[in-house]
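Both counts, for ligands and for their atoms, begin at 1 and track the order of listing.
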Amino acid sequence: MSLDYKLKEACGICGVFNHKEAANFVYLILYALQHRGQEGAGIVSTDRKNFYEYKSTGLVAEAFDKETIKKLKGNIAIGHNRYSTTGDDSFVNMQPFTATISSGNIAIAHNGNLTNTHKLRKTLTAEGAIFNSQSDTEVILHLIARSKGNIVTRLVNSLKQIKGAYSLVILTKNSLIGVRDPYGVRPLSIGKMNNTIILSSETCPFELIGARFLRDVKPGEIVIINDKGITSLQPFEKVEPKQCIFEYVYFARPDSILWGKDVYMVRKRLGELLSQESPVEADVVVPVPDSGVASAIGFSQGSGIPLEFGLIRNHYIGRTFIEPKQSIRHFGVKIKFNAVRKFLKGKRVVVVDDSIVRGTTSRKIVKMVRAAGAREVHLRIASPPIISPCFYGIDTPTRRELIASSHSIEEIRKYSTADSLSYLSLDGLKEVVGRKENFCYACFTGKYPAEFE
Ligand code: AMP
């Protein structure tokens, strides 16, 4: 594997300040953020003297046990769920990253993707820096290590040199720091539980641990959480926020409040609007679980067509699942989904999903629904066609692999074998999310908010 290989980091991050069970809470938060990354998980804690860390591949429940959590001492901790479907899940790339710099120990966890690290890495390497991983995040650590001043000055100085999407949680001996890049591409929220402050990629873990949602970290904001409380800095030049629209479409958990809106309600409304934009005569609405559920409910309520769970998803396929040989055709999708014949036989079915990426899932699902006896299968997608890859931390494939980048909607319909196919319009999506100029739509438009290397 070449060291030039670029990892895509679209992950879940969190931190807990001032709780005697900090690592245990981080573990619970990571558990609730599992949908943001299933490749591996890591926690670093401090008892304000030493740092303690544990990282492992697999789901959070597989990665940690009671004994490992017990060893993560102290009342400040940060954690990371790793998501990288494009390759290297080797241990060296697992986060949080730790280092000892002149001001002491530091640990960092990153959600996002930097877009100018190639040059920085080259310069740093030429100057003698040694990199242990292929991850962008290590570049930030090197920049911090080389900067002068206190940790916050060093951090600001380093972040001013990098471009791209980053939500960060940083651990020092006495503080927890949270950062969102100036465009605020990836989310990061602050929660509170008595005297404990929590940072989390999403709000869904707050209720789980008995915390309340305080507010979002703002785009371009650095929050420093220490014994004096929360200090806020906004050291970057102000730009118009460009928050990732795909967080609403697919990535975030439906029970999170994202940038002021319930994800569930947004998705439901997308489905409702889709039913008005692209109505269809049908007997039943069937969601592709789990990603299409909220939109399908909206489609059903908007159209008056009853909803049934005509597809059931197996939730327990771990990463160690061994794919059988070609001899069992389409086994991959069958182990993941199964059709409930009773709701499909002889029916005109509307299948609703959040998005089409390569087109493989929808093709297999349409075929499965038809094989279960459906008379007609109509595909409705609650977002516009994805035509461009994401360089800001969602793992979408290259442009060539994105079916909508080179095929018309009619060609995609033919490929999917559906009787009809419609996507939600971009205007419809913008209308639902509101504050439309504050989002990045690059995956749907090819227009990126900033230039990159
Ligand atoms: P595909 O089969 O490549 O068209 O993928 C479409 C399915 O993948 C849909 O059910 C989506 O909910 C889901 N999906 C969309 N974006 C992503 C992503 N970045 N990572 C994993 N799954 C995704």
Side-chain angles (χ1 to χ4, degrees), residues 7-12 33-39 81-87 89 111-113 165 185-186 201 244-254 263-264 266-267 270-271 274 286-296 299 309-315 317 319 330 332-337 351-369 379-407 409 411-418 421 423-424 429 440-444:
L7 287 167
K8 297 180 178 178
E9 308 285 359
C11 313
L33 295 176
Q34 186 74 81
H35 60 289
R36 295 187 75 86
Q38 294 100 43
E39 300 265 319
N81 270 343
R82 176 162 171 68
Y83 165 95
S84 153
T85 56
T86 46
D89 60 358
N111 171 205
N113 193 50
V185 179
R186 299 277 147 238
S201 287
C244 170
I245 197 68
F246 212 67
E247 290 275 353
Y248 275 132
V249 170
Y250 170 78
F251 216 57
R253 226 172 84 157
V263 175
Y264 182 94
V266 168
R267 288 187 191 156
L270 295 176
L274 180 61
V286 170
V288 176
D290 297 322
S291 54
V293 170
S295 315
F299 195 99
F309 283 91
L311 289 164
I312 301 299
R313 180 179 173 157
N314 183 339
H315 289 103
I317 311 160
R319 58 190 292 285
H330 302 314
V333 79
K334 281 188 185 150
I335 192 79
K336 201 165 167 191
F337 299 109
V351 172
V352 180
D353 203 357
D354 69 291
S355 60
I356 293 179
V357 183
R358 293 179 181 84
T360 34
T361 305
S362 25
R363 179 180 162 91
K364 285 174 179 172
I365 282 197
V366 171
K367 288 190 168 187
M368 183 181 281
V369 170
L379 203 51
R380 291 294 177 273
I381 305 300
S383 64
I386 300 177
I387 58 162
S388 288
C390 177
F391 298 108
Y392 297 120
I394 297 263
D395 183 43
T396 49
T398 58
R399 193 178 307 269
R400 203 159 43 89
E401 293 167 278
L402 294 168
I403 190 164
S405 77
S406 54
H407 294 81
I409 294 180
E411 285 169 337
I412 302 170
R413 181 201 66 76
K414 273 199 189 136
Y415 176 73
S416 74
T417 75
L421 162 67
Y423 289 85
L424 184 73
L429 175 64
C440 171
Y441 304 96
C443 53
F444 303 127

Should Val288 be counted as touching ligand 1, given the test is an N or O pair under 3.5 Å? no
Provide the number and element of each atom of ligand 1 under 4.0 Å from a heavy atom of Ile356. 4 (O)
Does ligand 1 have any atom sitting under 4.0 Å from a heavy atom of Phe246? yes
A cation-pi test, strictly: NZ or CZ of Arg36 under 6.0 Å from the centre of the six-membered ring of Phe251 and no more than 45 degrees from its axis. Yes or no? no
Kindly confirm or rule out an N or O of Val357 lying under 3.5 angstrom from an N or O of ligand 1. yes
Heavy-atom contacts with Ser291 under 4.0 Å: which atoms of ligand 1 show up? List them by number with element. 10 (O), 12 (O)
Are Tyr423 and Phe444 close enough that their ring centers fall under 6.0 Å? no
So, do Val369 and Leu311 sit near enough that their side-chain heavy atoms are less than 4.5 Å apart? yes
From the options Asp290, Thr361, Ile381, Asp353, select the one whose nearest heavy atom is closest to atom 10 (O) of ligand 1. Asp353
Could you walk me through whether Ser291 and Asp353 pass the side-chain contact (heavy atoms from CB on, under 4.5 Å) check? CA-CA 6 Å; Ser291 54; Asp353 203 357; 2.8 Å; yes
Output yes when a side-chain donor or acceptor of Arg267 lies under 3.5 Å from a complementary backbone atom of Ser295, and no otherwise. no
Which of the numbered atoms in ligand 1 are under 4.0 angstrom from any heavy atom belonging to Gly359? 1 (P), 3 (O), 4 (O)
Is Asp354 touching ligand 1 with its side chain, its backbone, both, or neither, if touching means heavy atoms under 4.0 Å apart? side chain
Looking only at heavy atoms, what is the nearest atom pair of Ala404 and Ile386, with distance? CB-O, 3.4 Å
Looking at ligand 1, does Ser362 have a heavy atom less than 4.0 Å from it? no
With a cutoff of 4.0 Å, is Tyr83 in contact with ligand 1, counting heavy atoms of the residue only? yes
Looking only at heavy atoms, what is the nearest atom pair of Asn81 and Cys11, with distance? O-CB, 2.8 Å
